[in-house]
Amino acid sequence: AHDTAGAGRPHAVPAAARTRFLASLAGIGPMGHLWLLQGQAPGLDDGARHRAMLLDLAENGDGVEFRNLRAALLLKRGGVLQAVRQLRIADQIAAGYPPTLFNRALCAMMTGLPDQALAWIVRYRARFPRDEQAMRLHFNLLLQADRPEKAMDELAGFLARQPPAQPLFLEAAVQAARMGRVREAIAYLETARHGQPASAIGRIYQSPAFREIRLTPEGTAFAGRLARQARASLATASAATGIGSAALSPARLPVDPKFH
């Protein structure tokens, strides 16, 4: 790579930055197929990516993991149709390899085939019912299919085994509010209140979905409990670190392809 701001002087990517980039692609844990992953480093042209793929094939051989990983990398770059081709090859090598089921669901969703996406994610979740990202995708696909009751039933079953810090409690609360389920919406927020920052819950509670609920006696009582928690959280955070509660908001996790 070259530093365009430095008159063409060679620029070496810091080792730590490269490590972080590879980790962001492969996820936490041991990283196989390092040649293929390094071929995705920033600044590489298509020729360099192709050479990295050939080196990976020479070292590791072809297989379902290689094809799925390549499909996942293509999805990260927006190459949906190319990813579909890789996943079809993966199915021919080893049908039912779990990450390919998840990635097939993503591909179907991104190409406007929601029914196919649902079928793939149902197959994946039958094997991994506690996968949060799969539950999030399943939930959203059911909502898109205008099946909110089924979406809430699936999510309720998942959340029954989750701690209060699980972010999907907030999504469940919003959807329950949209469906007019006052007590259920507040119950989900109440659970989340025991494991998540008051600032994050407050933003959900002040959203348009809760406009009518805020006027109910149940909503008023919940607002009081949340306000007391927010004051306590702010006092604790300020005393410990000198920061306000806004810094405590959890990050939303995107639904990413399955690398392994």
Which pairs with one or both residues in residues 105-124 pass side chain to side chain donor-acceptor pair (under 3.5 Å), sequence neighbours excluded? Tyr124-Asp131
Of all the heavy-atom pairs spanning Leu155 and Ala172, show the shortest one and how long it is. CD2-CB, 3.5 Å
Residues passing the side-chain contact (heavy atoms from CB on, under 4.5 Å) test with Arg211, sequence neighbours excluded, are Pro208, Arg214
Other than Leu215, what residues sit in its cluster of Ile, Leu, Val, Met, Phe, Trp and Tyr side chains whose heavy atoms are under 4.5 Å apart, directly or through others? none
Determine, using the 4.5 Å side-chain heavy-atom cutoff (strictly less than), whether Leu101 and Phe158 are members of one ILVMFWY cluster. no
Evaluate the side-chain proximity of Phe66 to Leu69: yes if any heavy-atom separation is below 4.5 Å, no if none is. no
Is there a path of hydrophobic side-chain contacts, each under 4.5 Å between heavy atoms of I/L/V/M/F/W/Y residues, joining Leu137 to Met110? yes
In chain order, what residues pass the ring pair (Phe, Tyr, Trp, His ring centres under 6.0 Å) check against Phe139, with sequence neighbours excluded? none
Can you list the residues that meet the side-chain contact (heavy atoms from CB on, under 4.5 Å) rule with Arg161, with sequence neighbours excluded? Pro129, Arg130
Side-chain donor-acceptor pairs under 3.5 Å in residues 173-187, sequence neighbours left out?
{"unit_1": "Arg181", "atom_1": "NH1", "unit_2": "Glu184", "atom_2": "OE1", "d": "3.1"}
{"unit_1": "Arg181", "atom_1": "NH1", "unit_2": "Glu184", "atom_2": "OE2", "d": "3.4"}
{"unit_1": "Arg181", "atom_1": "NH2", "unit_2": "Glu149", "atom_2": "OE1", "d": "2.3"}
{"unit_1": "Arg181", "atom_1": "NH2", "unit_2": "Glu149", "atom_2": "OE2", "d": "3.2"}

Can you name the closest pair of heavy atoms from Ala134 and Ile121 and give their distance? O-CG1, 3.8 Å
Could you tell me the separation between the CZ atom of Arg193 and the CG atom of Leu170, rounded to the nearest 0.5 Å? 13.0 Å
Would Leu106 end up clustered with Val80 when hydrophobic side chains under 4.5 Å apart are linked, directly or stepwise? yes
Do the side chain of Glu218 and the main chain of Ile213 share a donor and acceptor less than 3.5 angstrom apart? no
Partners of Arg225 by side-chain hydrogen bond (donor to acceptor under 3.5 Å, both in side chains), sequence neighbours excluded? Glu190
If I compare all heavy atoms of Val64 with all of Ile93, which pair ends up nearest, and what's the gap? N-CG2, 3.8 Å
Mind listing the closest non-hydrogen atom pair of Ala83 and Leu74 along with its distance? N-CD1, 3.9 Å
Which residues share a side-chain contact (heavy atoms from CB on, under 4.5 Å) with Ala117, sequence neighbours left out: Ala108, Met109, Leu141
Atom pairs and distances, donor-acceptor, side-chain atoms in residues 85-92, under 3.5 Å, two or more places apart:
{"unit_1": "Gln86", "atom_1": "OE1", "unit_2": "Arg67", "atom_2": "NH1", "d": "2.9"}
{"unit_1": "Asp91", "atom_1": "OD2", "unit_2": "Arg104", "atom_2": "NH1", "d": "2.5"}

If we only count heavy atoms from C-beta on, is the Arg125 to Glu154 side-chain gap below 4.5 Å? yes
Give a yes or no on whether Leu159 and Leu143 share a hydrophobic cluster (residues Ile, Leu, Val, Met, Phe, Trp, Tyr; joining criterion: side-chain heavy atoms under 4.5 Å apart). yes
For Ala145, the side-chain contact (heavy atoms from CB on, under 4.5 Å) test, sequence neighbours excluded, returns Leu118, Arg147
Which pairs, with at least one residue in residues 160-208 and sequence neighbours excluded, count as a ring-ring contact (aromatic ring centres under 6.0 Å, His included)? Tyr205-Phe210, Tyr205-Phe222
Between the side chain of Gln196 and the main-chain N/O of Pro164, is any donor-acceptor distance below 3.5 Å? yes
